[in-house]
Amino acid sequence: MNIRQNTSLKQYNTFGIASAAKYFAVFNSVNDLQECLKFTEPQNVNKKPHNLILGGGSNILFTKNYDGLVLKNELKGIELINEDEEFVYVKVAAGENWHQFVLHCINNNWAGVENLSLIPGNVGASPMQNIGAYGVEIKDVFHSLEAFHKNDNATVVFNLDDCTFGYRESIFKRKYKDQFVIVSVTYKLRKKAVFNTSYGAIEQELEKMGVEQLSIKAVSDAVINIRSAKLPNPTEIGNAGSFFKNPEVPNEQFESLKIKYPNIVGYSLPAGTVKLAAGWLIEQCGWKGYREADAGCHAKQALVLVNYGNATGNEIFVLSEKIIASVQQKFGLMLEREVNII
Ligand code: FAD
Ligand code: EPU
């Protein structure tokens, strides 16, 4: 166990925010993690600092220095643990990079995660907010996970029904917030692909690519092309993807908004609600392409807030407050942040 002090977090978060952690350690095994969790402050051996588990740092905004212990997850390993006629069961250590895992699946002809190509971050965070894109969420391929309870010192298995997955939601963001460290996730992937190209943009992109024979590689490539065209690459411009969630409203509220705003973008859900495109709402309030010092609202995707270089986390946060207030004022809708604010 090597605990560093006053470590810069700039390279550990895709927003590129230059905050620092009072203590910082990397763990490569569950034993390592256990040792780190026992750490007490040198000047006060009765005090355990609070801690934060960090994956790829792609869904996090540091608004100040972190006055505790940041634990960077480097658990590695991908293992085929079981198979039957239809499925393979693949157990993946939480520190594996998500997109590298997707590519591994495509190379092995395991289907189900191709629509989730190019999402930054690590496998361990994928159940945290039930990552989703282009018509698929990880709950659709999730089998189980193992999580280490920080206080009980025990590993617990969670099956699909235990996780209460929802749109960008899970039990780990709510009831069990900050209690568990996810150490591995087992996915249930299909041997024979069932393609999901329902998201209009995928069909269009496949056509543009001239794809005649559908394959998981082709779907993955189409998703990669679409994402690369509109989402800023965090290695070029700091960001954490969608900063806000798309709000869900009852049908009746959508209908009355539509009278006033005939072009409002919304998708009907089976529950009798409509999911509104927050990017559209934000754009209508005039924020798209807005920049204040180094904090901004992306010019190609208004749902993405960006750091042009030296923005502080607090500047990004203040911009998000202004956006929430103006959407509330114009549309009477309260945007909820997707990004974890620290
Ligand atoms: P981090 O940012 O490191 O952590 C996120 C949260 O999870 C923190 O609260 C952290 O403490 C906690 N956490 C992380 N790992 C663990 C663990 N092992 N155990 C317990 N808690 C843990 N998301 C989508 O859903 N769909 C998208 O299409 C999408 N597109 C994106 C595009 C871009 C350009 C960017 C930058 C982000 C995008 N995101 C998207 C958001 C992000 O990629 C995902 O939320 C991703 O799963 C975060 O993974 P991470 O390892 O970086 O998590
Ligand atoms: N739109 C605008 N202006 C904008 C942006 C979007 O009008 O500036 C409208 C357009 O009409 C567009 C619609 O919003 O057709 C939807 O936009 P897009 O397809 O880009 O998707 P999104 O709703 O903005 C969501 C997820 C993304 C995910 C994509 C694809 C959320 C909060 N975001 O974005 O996830 O990749 O769909 O499935 O649900 C993330 O969570 O970080 C993320 C990037």
Side-chain angles (χ1 to χ4, degrees), residues 9 12-16 27 33 51-62 70-73 75 93-99 115-138 145-148 150 167-168 170 172-173 176-185 199-202 223 226-248 263-267 275-284 287-289 297-306 335-342:
L9 294 171
Y12 296 110
N13 70 98
T14 60
F15 252 124
F27 61 96
L33 169 66
N51 58 62
L52 173 77
I53 308 300
L54 194 61
S58 64
N59 204 21
I60 212 160
L61 178 69
F62 290 104
V70 169
L71 292 168
K72 173 88 176 83
N73 175 1
L75 301 170
E96 289 286 347
N97 174 272
W98 172 261
H99 181 62
N115 292 48
L116 302 175
S117 297
L118 214 62
I119 297 181
N122 289 357
V123 162
S126 65
M128 288 299 295
Q129 68 158 15
N130 177 28
I131 56 167
Y134 299 97
V136 174
E137 293 179 323
I138 72 126
L145 64 77
E146 288 176 334
F148 186 78
K150 289 180 183 177
Y167 165 59
R168 301 295 189 267
S170 76
F172 303 102
K173 276 181 77 177
Y176 294 147
K177 188 169 165 50
D178 295 331
Q179 292 186 32
F180 285 97
V181 184
I182 294 169
V183 294
S184 72
V185 184
Y199 222 87
I202 299 187
V223 168
I226 301 165
R227 294 181 67 98
S228 308
K230 63 176 161 190
L231 287 168
N233 180 344
T235 60
E236 290 158 13
I237 307 177
N239 77 92
S242 301
F243 198 89
F244 306 97
K245 292 185 189 180
N246 287 325
E248 238 176 89
N263 296 327
I264 191 166
V265 182
Y267 311 92
K275 193 183 271 185
L276 300 174
W280 186 88
L281 301 169
I282 296 169
E283 184 175 349
Q284 297 308 303
W287 292 104
K288 197 170 182 172
C297 179
H298 191 50
K300 289 189 197 162
Q301 225 303 0
L303 200 45
V304 179
L305 300 191
V306 292
L335 291 183
E336 197 187 325
R337 293 181 185 86
E338 179 193 300
V339 170
N340 297 281
I341 310 294
I342 306 293

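Quick caveat, the model's predicted, so the values are computed rather than measured. In what follows, every heavy atom counts, from backbone to side chain, and hydrogens, waters and symmetry copies are set aside. Whatever order the structure lists ligands and atoms in, that order sets their numbers, starting from 1.
Contact check for Val304 versus Leu231: side-chain heavy atoms found under the 4.5 Å cut-off. Residues Trp280 and Asn263 form a side-chain contact, since some pair of their non-hydrogen atoms from C-beta on lies under 4.5 Å apart. Taking 4.5 Å as the limit, some side-chain heavy atom of His99 sits within range of a side-chain heavy atom of Ser117. Ile138 has its side chain within reach of Pro127: a pair of non-hydrogen atoms, C-beta onward, lies under 4.5 Å apart.
The nearest pair of heavy atoms linking Lys288 to Glu283 is NZ-OE1, 3.3 Å.
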Checklist line | Worked check of side-chain contact (heavy atoms from CB on, under 4.5 Å) between Asn246 and Tyr167 | finding: CA-CA 9 Å; Asn246 287 325; Tyr167 165 59; 3.4 Å; yes
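Contact shell of ligand 1 (protein heavy atoms, cutoff 4.0 Å): Thr14, Leu52, Ile53, Leu54, Gly55, Gly56, Gly57, Ser58, Asn59, Ile60, Asn73, Ile119, Pro120, Gly121, Asn122, Gly124, Ala125, Met128, Gln129, Ile131, Gly132, Ala133, Arg168, Phe180, Val181, Ile182, Arg227, Pro232, Pro234, Asn239, Ala240, Gly241, Asn340. At a heavy-atom cutoff of 4.0 Å, ligand 2 is surrounded by Ala133, Tyr134, Tyr167, Arg168, Tyr199, Arg227, Lys230, Gly241, Ser242, Phe244, Lys245, Asn246, Val265, Tyr267, Ala277, Gly279, Trp280, Glu283, Lys288, Gln301, Ala302, Leu303, Glu338.
Under a 3.5 Å cut-off, the side chain of Asn122 and the backbone N or O of Gly124 do not form any donor-acceptor pair.
Considering only residues two or more places apart in sequence or on other chains, Arg168 meets the salt bridge (Lys or Arg N to Asp or Glu O under 4.0 Å) condition with Glu338. Legend: residues meeting side chain to side chain contact (heavy atoms under 4.5 Å, CB included) with Asn115, ordered by chain and number and at least two apart, are Tyr134, Val136, Asn196, Ile202, Val219.
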